[in-house]
J.: 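Submitted below is the structure of interest, expressed as structure tokens.
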Protein chains: 2
Amino acid sequence: MDVVSECKAGSGEKNGTRFSACLLFSANALARAITAIGDEEFGRVGLSYSHAYLLSEVISQPGITPSALSDTLYLTPSTITRLVEKLEQKQLVRRESEGKKTLILPTPAGEALQADINDAWNRVGQRYAAAIGETNVCQLTKQVFQAAKSLTGDE
Amino acid sequence: MDVVSECKAGSGEKNGTRFSACLLFSANALARAITAIGDEEFGRVGLSYSHAYLLSEVISQPGITPSALSDTLYLTPSTITRLVEKLEQKQLVRRESEGKKTLILPTPAGEALQADINDAWNRVGQRYAAAIGETNVCQLTKQVFQAAKSLTGDE
DNA sequence: AGATCATATTTGTATGTGCAAGCAAAAATT
DNA sequence: AATTTTTGCTTGCACATACAAATATGATCT
């Protein structure tokens with residue numbers, strides 16, 4: 001796929017097709033690659049990266065609600081429910097109903113993981129930097145973040 | 001998540017953590033957003049974007065093998081199998097065994113979709129451009145593509 | 001030629017995710 | 001105060017994808 005190198009501003013021409021396809025697949029490939037690194041590092045802690053990140057949010061804001069987590073993690077509420085369920089099974093987190101809301105709190109076992117999780121995040125960061133360069137990580141993150149925001153109309 | 005704005009080169013400090021997390025989630029969010037647009041446009045053709053792209057590859061290279069498709073689409077062979085299965089169900093594609101290889105060929109019904117698929121790709125491209133600007137699409141694609149390549153060690 | 005190794009594909013199983021529908025609590029309207 | 005609407009969360013179902021194991025064909029090396 002060297003379609004990318006032929007990028008010209010006018011998107012009307014025939015290559016626009018392949019080009020959009022490329023963005024679509026690249027974006028997914030990037031997400032998978034990045035996720036793979038995340039899961040690899042968090043594997044040692046016995047979590048996936050989403051679970052890990054959710055857990056650290058819960059630790060830093062005990063009593064946080066699923067909807068708040070949904071906003072922070074850019075995941076739908078239903079997904080949050082699944083993640084919390086699994087963390088609950090592992091006894092790293094517990095739920096408390098308060099009216100319509102649900103509060104999510106870390107258990108001692110969950111809190112005990114915080115240091116490991118931070119280490120894992122650091123290793124993840126280092127691996128990104130090693131693979132694509134620190135400056136690029138930064139640029140990439142900004143651009144990806146911006147684009148994601150614009151595309152979801154969530155500005 | 002305004003973590004992004006605080007990006008500094010040194011990834012050692014405490015914010016590196018949040019920052020990597022941000023890239024991870026942004027990348028996934030971007031992929032989902034981009035995919036959503038793709039699926040929306042391809043929905044009219046009755047396909048998902050991966051099926052559509054696979055089909056157009058098969059049309060332009062009749063007899064292409066799953067492994068070749070795997071390389072082009074950046075998907076694992078097993079995923080290709082599933083995709084082809086579904087397209088076969090819909091009678092848009094057929095398989096032909098040739099020794100160890102499997103050749104994938106479009107059916108007439110499949111070929112008939114080509115124009116619609118191209119239109120859909122164009123609309124997808126236009127929507128990307130509308131959302132994040134043509135210049136940005138271009139830059140983004142390049143960057144994402146490059147990063148994905150570096151991260152998978154597939155250079 | 002027979003045995004081992006390599007390659008190409010498929011299947012079983014699992015995961016993360018979302019959508020749409022359901023339910024439960026709260027808020028608003030009458 | 002009773003009904004409707006909104007909000008927050010959860011469940012059922014579906015999908016795209018991957019990994020690991022299974023299978024089948026081909027290639028290589030005695």
J.: B:Glu98 CD to C:dA8 C1': how many Å, rounded?
T.: 12 Å
J.: Please name all residues satisfying side chain to side chain donor-acceptor pair (under 3.5 Å) with A:Thr81, sequence neighbours left out, ordered by chain then number.
T.: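 If we apply the side chain to side chain donor-acceptor pair (under 3.5 Å) test to A:Thr81, skipping adjacent residues, there are no hits.
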J.: What pairs with A:Thr107 under side chain to side chain contact (heavy atoms under 4.5 Å, CB included), at least two apart in sequence or on another chain?
T.: A:Arg94, A:Ala109
J.: Please give, in whole Å, the distance from C:dT11 C1' to B:Glu88 CD?
T.: 15 Å
J.: To the nearest angstrom, how far is B:Leu69 atom CG from C:dT10 atom C1'?
T.: 15 Å
J.: Expressed in angstrom and rounded to an integer, what is the separation of B:Leu73 atom CG from C:dT9 atom P?
T.: 13 Å
J.: Under the side chain to side chain contact (heavy atoms under 4.5 Å, CB included) test, which residues partner A:Glu88, sequence neighbours left out?
T.: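 Only A:Arg95 meet the side chain to side chain contact (heavy atoms under 4.5 Å, CB included) criterion with A:Glu88.
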J.: Going by heavy atoms in the side chains, are B:Asn136 and B:Gln139 under 4.5 Å from each other?
T.: yes
J.: Ignoring backbone atoms, establish whether B:Thr79 has a side-chain N or O less than 4.0 Å from OP1 or OP2 of D:dT17.
T.: no
J.: Got A:Arg82 and A:Lys86 here, is their nearest side-chain heavy-atom distance under 4.5 Å?
T.: no
J.: Is the side chain of B:Thr79 donor-acceptor paired with the backbone N or O of B:Leu75 at a distance under 3.5 Å, no angle test?
T.: no
J.: Could you tell me how far apart B:Lys86 (NZ) and D:dA16 (C1') are, to the nearest whole angstrom?
T.: 9 Å
J.: Taking only distance into account, with no hydrogens and no angle test, what donor-acceptor pairs under 3.5 Å do side-chain atoms of residues 32-47 of chain A form with protein atoms, sequence neighbours excluded?
T.:
from    : atom 1 : to       : atom 2 : distance (Å)
A:Arg32 : NH2    : B:Tyr74  : O      : 2.6
A:Thr35 : OG1    : A:Ala31  : O      : 2.6
A:Thr35 : OG1    : B:Asn28  : ND2    : 3.1
A:Asp39 : OD1    : A:Tyr49  : N      : 2.9
A:Glu40 : OE2    : A:Arg127 : NH1    : 3.1
A:Glu40 : OE2    : A:Arg127 : NH2    : 3.4
A:Glu41 : OE1    : A:Arg44  : NH2    : 3.3
A:Glu41 : OE1    : A:Arg123 : NE     : 2.5
A:Glu41 : OE1    : A:Arg123 : NH2    : 3.4
A:Glu41 : OE2    : A:Arg127 : NH1    : 2.9

J.: By nearest nucleotide on DNA chain C, pick out whichever of A:Gly99 and A:Tyr49 is the more 5' one.
T.: A:Tyr49
J.: From NE2 of A:His51 over to C1' of C:dG16, roughly how many Å is that when rounded to an integer?
T.: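 The answer, rounded to whole Å, is 8 Å.
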J.: Select base, sugar-phosphate, or nothing to describe what B:Ser97 touches, counting heavy atoms under 4.0 Å on all strands.
T.: nothing
J.: Take the protein atom CG of B:Leu75 and the nucleotide atom C1' of C:dT9, then report the distance between them rounded to whole Å.
T.: 15 Å
J.: Restricting to side chain to side chain contact (heavy atoms under 4.5 Å, CB included), what partner residues turn up for B:Ala68, sequence neighbours left out?
T.: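 Checked B:Ala68 against side chain to side chain contact (heavy atoms under 4.5 Å, CB included); matches are B:Ile64, B:Thr65.
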J.: From CG of B:Leu24 over to C1' of C:dG16, roughly how many Å is that when rounded to an integer?
T.: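 The answer, rounded to whole Å, is 13 Å.
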J.: Distances for protein N/O vs nucleotides 1-11 of chain D N/O pairs under 3.5 angstrom?
T.:
from   : atom 1 : to       : atom 2 : distance (Å)
D:dC9  : OP2    : A:Ser67  : N      : 2.9
D:dC9  : OP2    : A:Ser67  : OG     : 2.4
D:dC9  : O3'    : A:Thr102 : OG1    : 3.1
D:dT10 : OP1    : A:Arg95  : NH1    : 2.6
D:dT10 : OP2    : A:Thr81  : OG1    : 3.0
D:dT11 : OP2    : A:Glu85  : OE2    : 3.0

J.: By a strict heavy-atom criterion of less than 4.0 Å, which residues belonging to residues 33-48 of chain A are in contact with DNA chain C?
T.: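 Heavy-atom contacts with DNA chain C come from A:Ser48.
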J.: Report the residues that fulfil side chain to side chain contact (heavy atoms under 4.5 Å, CB included) with B:Pro66, sequence neighbours left out, ordered by chain and then residue number.
T.: B:Ile80, B:Thr102, B:Ile104
